[in-house]
Amino acid sequence: MSGIYECVPNISEGRDPIVVAECVNAVSSIKGITLMNYSSDVDHNRSVITFLGSAEAIEEAAVALSKKTTELIDLRLHKGEHPRVGALDVLPVVPLRNATAEDAIALSERIAERIWQENQVPCYLYEDSARYPHRKNLADVRRGEFEGLAEKTKDPEWIPDFGEGYHLSAGVTVVGARFFLIAYNFDLATSDISIAKAIAKKIRQSNGGLPCVKALGVILESENVAQVTVNLTDYTVTPLWKLTEEVRALAIEYGTEVTSAELIGLVPMGALTDAAGHYLGIRDFDHKKRVIEEYLL
């Protein structure tokens, strides 16, 4: 039985709906692909596309998306709040059904090789696919961003896994197999970016905060609102509810509050049912045994 994978590419365009639509169509037009969701953010100047398919369909859609982003997005003209190194910035592959982590790694390697060979965009492998420890963390691969690639790609430690140098307008693409990642942002009742940055620093794992949490403090200029933008890389280690409680408590500590939360892309059902069990105070709650839909999947 053919395995099913989720793919969640992030492209460096969130302001031009025509460009975003063409990129989404490049994915959805591939036979065997189910487009699940896509969303854009004008402040981050970034869009996230989520789709499902077999390994073969995911591979074709990924390469087609790379071709389209290379044609339409010029990072020399790009500005936004979110760090980026590529027009097709990051392309994670998640094994869902009848597929293993090893299968996803092999798929990510095929995708990266084809992106280089067919579109001349060099690729780095990250997360489970990383061939070197210093490339596992996406933030490390992105450090210096597009503007720093000319020097970074000359460093023997940072020669791309596929290709060489970087594409002059499309940069590089970071490809890899990984576990579910929840992209979850907290809007604050303040426009003081220093507060968002302080909260992000306290919660992220690299500064001794919550395990499996990556965070940045940014300003949403379109709304004049400070935001804590978070990537939760393993909700089974740090539950979504625990992350939320920590950010809420820190916001109060800094004299503000969380006004709303923003979910980017999709979320595993377990993360939400675990939160429901926590807030409802259900003893010994196990969503895999106590939620009807789990038996129907």
Side-chain angles (χ1 to χ4, degrees), residues 5-17 19-21 23-24 27-28 34-52 61-62 65 69 73 78 80-94 96 126-127 137-139 142 173-176 178-188 196 199-200 203-205 210 212-223 225-236 238-244 246-248 258-272 274-275:
Y5 301 81
E6 177 192 42
C7 190
V8 196
N10 290 213
I11 66 172
S12 297
E13 178 56 66
R15 298 173 183 172
D16 188 331
V19 171
V20 173
C23 291
V24 171
V27 167
S28 61
T34 299
L35 178 66
M36 299 174 69
N37 180 267
Y38 70 94
S39 61
S40 300
D41 187 292
V42 296
D43 295 292
H44 290 218
N45 200 6
R46 189 175 186 83
S47 296
V48 179
I49 308 168
T50 306
F51 54 94
L52 296 179
L65 179 60
T69 55
I73 299 173
H78 179 274
E81 287 290 333
H82 203 289
R84 78 284 183 268
V85 287
L88 172 51
D89 185 53
V90 60
L91 194 143
V93 177
V94 183
L96 293 183
Y126 84 118
E127 281 290 345
N137 186 350
L138 180 58
R142 277 207 192 111
T173 295
V174 190
V175 184
R178 63 159 171 75
F179 184 62
F180 290 111
L181 179 148
I182 301 175
Y184 203 66
N185 304 329
F186 298 89
D187 294 339
L188 305 177
I199 294 174
I203 64 172
R204 61 178 170 246
Q205 179 176 343
L210 298 171
C212 302
V213 169
K214 302 177 181 180
L216 293 171
V218 300
I219 188 75
L220 304 183
E221 293 183 359
S222 63
E223 303 174 32
V225 166
Q227 183 184 78
V228 182
T229 177
V230 178
N231 280 348
L232 180 57
T233 60
D234 192 337
Y235 72 91
T236 66
T238 295
L240 190 56
W241 61 261
K242 185 173 183 179
L243 168 66
T244 299
E246 185 70 12
V247 174
R248 285 175 175 171
V258 173
T259 58
S260 64
E262 177 187 28
L263 174 66
I264 305 297
L266 278 70
V267 61
M269 182 169 64
L272 299 180
D274 283 348

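Remember, predicted model here, so these are calculated numbers, not experimental data.
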If only atom types and distance count, is the side chain of [X] paired as donor or acceptor with the main-chain N or O of [Y] below 3.5 Å?
X: Ser47; Y: Val20; answer: no
X: His78; Y: Asn45; answer: yes
X: Arg84; Y: Ser12; answer: no
X: Asn231; Y: Thr233; answer: no
X: Asp41; Y: Ser39; answer: no

Would you give the length of the straight line joining atom [atom1] of [X] to atom [atom2] of [Y], rounded to the nearest 0.5 angstrom?
X: Leu266; Y: Leu52; atom1: CG; atom2: CG; value: 8.0 Å
X: Glu6; Y: Leu181; atom1: CD; atom2: CG; value: 9.5 Å
X: Leu91; Y: Leu65; atom1: CG; atom2: CG; value: 7.0 Å
X: Thr69; Y: Ile11; atom1: OG1; atom2: CD1; value: 7.0 Å
X: Tyr126; Y: Arg178; atom1: OH; atom2: CZ; value: 5.0 Å
X: Tyr184; Y: Leu232; atom1: OH; atom2: CG; value: 10.5 Å

Heavy-atom side-chain contact between [X] and [Y] under 4.5 Å:
X: Val94; Y: Phe180; answer: yes
X: Ile182; Y: Leu263; answer: yes
X: Asn37; Y: Phe51; answer: no
X: Cys212; Y: Leu210; answer: no

Locate the shortest heavy-atom distance separating [X] from [Y]; write the atom from each residue and the value.
X: Asn185; Y: Val230; answer: OD1-N, 3.3 Å
X: Leu188; Y: Ile199; answer: CD1-CD1, 4.1 Å
X: Pro9; Y: Leu88; answer: CB-CD1, 3.8 Å
X: Val42; Y: Gly14; answer: CG1-O, 3.5 Å
X: Val228; Y: Ala196; answer: CG2-O, 3.8 Å
X: Val267; Y: Ala271; answer: CG2-CB, 3.9 Å

- For the pair Ser40 and Arg46, evaluate side-chain contact (heavy atoms from CB on, under 4.5 Å) and give the outcome as yes or no after the intermediate values. CA-CA 6 Å; Ser40 300; Arg46 189 175 186 83; over 6 Å; no

Quick one: side chain to side chain donor-acceptor pair (under 3.5 Å) partners of [X], sequence neighbours excluded?
X: His82; result: none
X: Thr244; result: none
X: Arg15; result: none

- Query: Going through the checks in order, is the side-chain contact (heavy atoms from CB on, under 4.5 Å) test met by Thr173 and Asp89?
  - Reply: CA-CA 5 Å; Thr173 295; Asp89 185 53; over 6 Å; no

- Task: Evaluate the criterion side-chain contact (heavy atoms from CB on, under 4.5 Å) for residue pair Leu35 and Ile49; output intermediate values, then yes/no.
- Result: CA-CA 8 Å; Leu35 178 66; Ile49 308 168; 3.7 Å; yes

- Item | Test side-chain hydrogen bond (donor to acceptor under 3.5 Å, both in side chains) applied to Ser222 and Asp43, step by step | CA-CA 7 Å; Ser222 63; Asp43 295 292; 2.6 Å; yes

- Task: For side-chain contact (heavy atoms from CB on, under 4.5 Å), just list the numbers for Leu138 and Lys214, CA-CA rounded to whole Å, side-chain angles, deciding distance to a tenth of an Å, and then say yes or no.
- Result: CA-CA 10 Å; Leu138 180 58; Lys214 302 177 181 180; 4.3 Å; yes

- Indicate whether any N or O donor in one side chain lies under 3.5 Å from an N or O acceptor in the other, for Glu81 and Gln227.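 No, no side-chain donor-acceptor pair sits under 3.5 Å.
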
- Query: Under 3.5 Å, is there a donor-acceptor pair between the Thr259 and Asp187 side chains?
  - Reply: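 The criterion, which ignores hydrogens and geometry beyond distance, is not satisfied for Asp187 and Thr259.
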
- Item | Parallel, tilted or perpendicular: rings of Phe179 and Tyr235 (30°, 60°) |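 The arrangement is parallel - the two ring planes meet at less than 30°.
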
